**Q** 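To start, I am sharing the structure in question, which I have written as structure tokens.
For the numbers below, each heavy atom of this structure counts, side chains included, while hydrogens, waters and symmetry mates do not. Small disclaimer: the values here were computed from a predicted structure and weren't measured.
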Amino acid sequence: MSLINLIVILVVVGVLLWLVNNYIPMDSKIKQILNVVVVIVVVLWLLQVFGILGSLGGIHVN
């Protein structure tokens, strides 16, 4: 994955999160949980893209 693709994806995710936070009425606790979940998912995805985390395909939750 090229650096340009990576930056474009991060910008799109950021804009979508900003739109949800500003234009969808929700309780502040729900927005906070949503923000934390999105940040954790993006960080895990970045770690996987750069090869630090390895493949997440073998993880199964029972």
Side-chain angles (χ1 to χ4, degrees):
M1 176 175 291
S2 71
L3 186 59
I4 299 296
N5 287 344
L6 188 70
I7 292 172
V8 168
I9 291 171
L10 290 175
V11 168
V12 168
V13 169
V15 168
L16 288 174
L17 188 60
W18 176 78
L19 288 171
V20 167
N21 282 330
N22 284 328
Y23 294 112
I24 297 179
M26 285 185 279
D27 186 34
S28 63
K29 287 289 190 182
I30 295 173
K31 284 184 182 182
Q32 184 178 9
I33 292 170
L34 177 67
N35 290 337
V36 168
V37 168
V38 169
V39 167
I40 289 171
V41 168
V42 168
V43 167
L44 288 174
W45 176 73
L46 284 171
L47 290 173
Q48 184 179 7
V49 165
F50 287 113
I52 297 170
L53 191 61
S55 177
L56 293 177
I59 297 175
H60 297 286
V61 177
N62 292 331

**Q** Please report the shortest heavy-atom distance between Met26 and Val20, naming the atom on each side.
**A** CE-CG1, 3.6 Å
**Q** How far does CG of Leu10 sit from CH2 of Trp45, to the nearest 0.5 angstrom?
**A**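 Going from CG on Leu10 over to CH2 on Trp45, the span is 5.5 Å.
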**Q** With a cut-off of 6.0 Å (strictly less than), are more than 12 heavy atoms of other residues, nucleotides or ligands near CD1 of Ile4?
**A** no
**Q** Side-chain heavy atoms nearer than 4.5 Å, only ILVMFWY residues, links allowed to pass through others: does that put Val41 and Val15 together?
**A** no
**Q** Mind checking whether Tyr23 and Val38 sit in one hydrophobic cluster, side chains of I, L, V, M, F, W, Y counted as touching below 4.5 Å?
**A** yes
**Q** What distance separates Ile33 CD1 from Asp27 CG, expressed to the nearest 0.5 Å?
**A** 9.0 Å
**Q** Hydrophobic cluster membership, with links at side-chain heavy-atom distances under 4.5 Å among I/L/V/M/F/W/Y: are Val37 and Val12 in one?
**A** no
**Q** So how far is it from Ile52 CD1 to Leu46 CG, rounded to the nearest 0.5 Å?
**A**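 CG of Leu46 is found 9.0 Å from CD1 of Ile52.
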**Q** Between atom CG of Leu17 and atom CG of Asn22, what is the distance when rounded to the nearest 0.5 Å?
**A**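 One gets 9.5 Å once the value is rounded to the nearest 0.5 Å.
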